[in-house]
Amino acid sequence: MALPPYVVLFGDVGTGKSTLVEKLTGAEGHSSDGSVSVTATSEVFTIPGKLVICDTPGSNAMANKFMHNIWIAEAMNFRPVSLVLNTVKADTRIDNVIETIRKYAECFMDLPPDSFGVCVTHMDQVSWTKTDLMQHIQNELGIDAVVFSALDTRGEKLADNILEVCKRPHNITVDSENFLKLFKINDNNLKILRSTRKEVADFETLKQCFYKERRGYSQQEQTDLIFEFQAWMSQEIIEAQKRVSNENCFTYCGKEMANEAGHIANMTNQLRAILFDVRTETLNCQTNHGVSSLRRCPHCGLVWAKIEGCDGNTTCGNLMGNRDSRYGALSTFSFTWNRKKLVTRRIGSKRLQPIKPNVRGVGCGGSITWNAMAPVQVPAEFYETPCVSVEDITLIPKAAKRTWNDAFNDAKSRIEIKFSSGFPAKRPKST
């Protein structure tokens, strides 16, 4: 028997998550009109024959922010998730609603696209319509799974609307590696925020300075330059982590462990976004790296790709005698950055390994002419563009990783998801 869709409610304090649960289940005493988060744990409820829904604490709570977000993470780990429903309070200005949704949608970008949805509450308190907001959400964020709730929205209707946007369940795993990417757990200490924001602003300036500097190099040198620059930028992120840690006396231990890790991770996520732009351009510089045509040897049937060379006569399996001079060496560069100006210098070149003479490759040795050989259809996977990634950049300093893992696992060990009456106390984790 198929499990009913499992939906995790999450969002800011006071957006009406617990009120939604009361509407859906008929339960009472979960919501509050207070200014601080009342829900401090995650609790699972059933809507018989329709949904299983999980109420969670406010993600942006001023107190116990780390533990609140651990509870949300565990709600997502509980069982396969059909929908992570970002609960947002309607505001007089639609722009404010969009920005609140964007804040969470950007953090959850790595989740399956159809697993993220939005529930807009307090619709009776605004003059704009559902259609007005839907158009903005779709145009600005590309999100289609949106439901609405007002004071007079009946629970049965709300459940049907949520069920309508639920897709197939996904096994979402939140661990110590991706938790800091999904959740912002740092406080609003102004001194720390100033130092992290300065690093982000300087890193963006560094990127723009590089774009100006490279204009003074040839096209081939620019290709080598950007490859070396993105590698150098990766190291600069590590240096930024060190500077912020030292300026703010981070020790990555004790009661401030999670907050310190949160500040560094929040900064690093922004730096990685800038590096992502550079790496995307680096990938675009890899011209002529693919295979546009394949031909079959008329003698042995071996399929060949012509990477370089002419269309004339050769033999099947004959190696190149020498490389194209354009690609025989790679330029090397040094970078100097004083937080205001970037200086790049060409410091030499790396010679590629010469082709060994008198070495015969595979092939039958029969005489072939490229233009006369039978074409072979290029497989679709040959055209696939490699994905750009910044996952090699760790969100916190390597020296802090062990204590962070310990803090995360300790917090998880103190959590046990609550079950409402009638819900079986088991955690099915397979679809």
Side-chain angles (χ1 to χ4, degrees), residues 4-17 19-21 23-24 50-56 58-60 69 72-73 75-76 80-150 153 157-174 178-179 181-184 266 269-270 272-273 276-277 280 387-388:
Y6 174 57
V7 178
V8 177
L9 301 176
F10 84 104
D12 288 350
V13 172
T15 54
K17 297 182 294 297
T19 301
L20 290 176
V21 169
K23 279 180 177 288
L24 291 165
K50 291 190 176 182
L51 296 168
V52 176
I53 198 156
C54 187
D55 187 18
T56 65
S59 181
N60 67 333
N69 284 282
I72 300 171
M76 294 167 66
V81 180
S82 295
L83 194 64
V84 179
L85 198 58
N86 181 202
T87 309
V88 181
K89 186 177 181 179
D91 187 270
T92 306
R93 294 180 58 87
I94 286 182
D95 288 356
N96 292 340
V97 180
I98 295 296
E99 285 310 305
T100 302
I101 298 170
R102 187 195 307 277
K103 175 182 71 174
Y104 285 109
E106 289 181 349
C107 290
F108 283 72
M109 279 181 62
D110 287 346
L111 296 186
D114 63 357
S115 68
F116 186 90
V118 177
C119 179
V120 184
T121 63
H122 298 78
M123 284 296 295
D124 50 287
Q125 298 182 11
V126 293
S127 58
W128 43 261
T129 66
K130 298 176 184 179
T131 304
D132 294 333
L133 182 62
M134 277 295 299
Q135 188 173 18
H136 282 86
I137 292 177
Q138 290 171 344
N139 292 343
E140 293 285 327
L141 305 173
I143 298 172
D144 296 317
V146 184
V147 295
F148 297 88
S149 179
T153 303
K157 177 62 175 175
L158 180 60
D160 289 340
N161 290 343
I162 293 174
L163 194 59
E164 191 175 318
V165 297
C166 284
K167 305 299 181 183
R168 65 185 180 89
H170 297 275
N171 278 312
I172 297 174
T173 301
V174 182
N178 63 3
F179 177 86
K181 188 173 183 180
L182 296 171
F183 301 101
K184 293 182 179 179
N266 188 24
N269 277 321
Q270 296 175 75
R272 295 205 310 183
F276 183 88
D277 292 341
T280 299
C387 293
V388 178

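Both backbone and side-chain heavy atoms feed into the values below; hydrogens, waters and symmetry mates do not.
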Among Lys103, Lys89, Lys184, which one satisfies salt bridge (charged side-chain N to carboxylate O under 4.0 Å, His left out) with Asp12?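 When salt bridge (charged side-chain N to carboxylate O under 4.0 Å, His left out) is applied between Asp12 and each of Lys103, Lys89, Lys184, only Lys103 qualifies.
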Short question: side chain of [X], backbone of [Y] - any donor-acceptor pair under 3.5 Å?
{"X": "Thr100", "Y": "Asn96", "value": "yes"}
{"X": "Thr121", "Y": "Thr15", "value": "yes"}
{"X": "Asn178", "Y": "Thr173", "value": "yes"}
{"X": "Lys181", "Y": "Asn269", "value": "no"}
{"X": "Asn60", "Y": "Gly11", "value": "no"}

Please assess Arg93 against Asp91 for the test salt bridge (charged side-chain N to carboxylate O under 4.0 Å, His left out), listing each intermediate value before the final yes or no. CA-CA 5 Å; Arg93 294 180 58 87; Asp91 187 270; 6.0 Å; no
Should we count CD of Gln138 as having more than 12 external heavy atoms under 6.0 Å?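 Counting other residues, nucleotides and ligands, CD of Gln138 exceeds 12 neighbours.
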Kindly give the heavy-atom pair with the smallest separation between Lys50 and Ala159, and that separation in Å.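 Minimum heavy-atom separation between Lys50 and Ala159: CD-CB, 4.1 Å.
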By the definition side-chain contact (heavy atoms from CB on, under 4.5 Å), identify the one residue from Leu182, Ile72, Leu111, Asn69 that meets it with Val174.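 Testing each of Leu182, Ile72, Leu111, Asn69 against Val174, the sole residue satisfying side-chain contact (heavy atoms from CB on, under 4.5 Å) is Leu182.
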Among Leu133, Ile101, Val165, the one residue meeting side-chain contact (heavy atoms from CB on, under 4.5 Å) with Val118: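 By the side-chain contact (heavy atoms from CB on, under 4.5 Å) criterion, Val118 pairs with just one of Leu133, Ile101, Val165: Ile101.
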Atom pair OH (Tyr6) and CE (Met76), whose distance is rounded to the nearest 0.5 Å: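 Nearest 0.5 Å value for the OH-CE distance: 9.5 Å.
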From CG (Leu163) to CG (Leu158), nearest 0.5 Å: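 Output value for this atom pair is 11.0 Å.
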Thr129-Asp132 side chain donor-acceptor pair, cut-off 3.5 Å: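 Distance-only check passes for Thr129 and Asp132.
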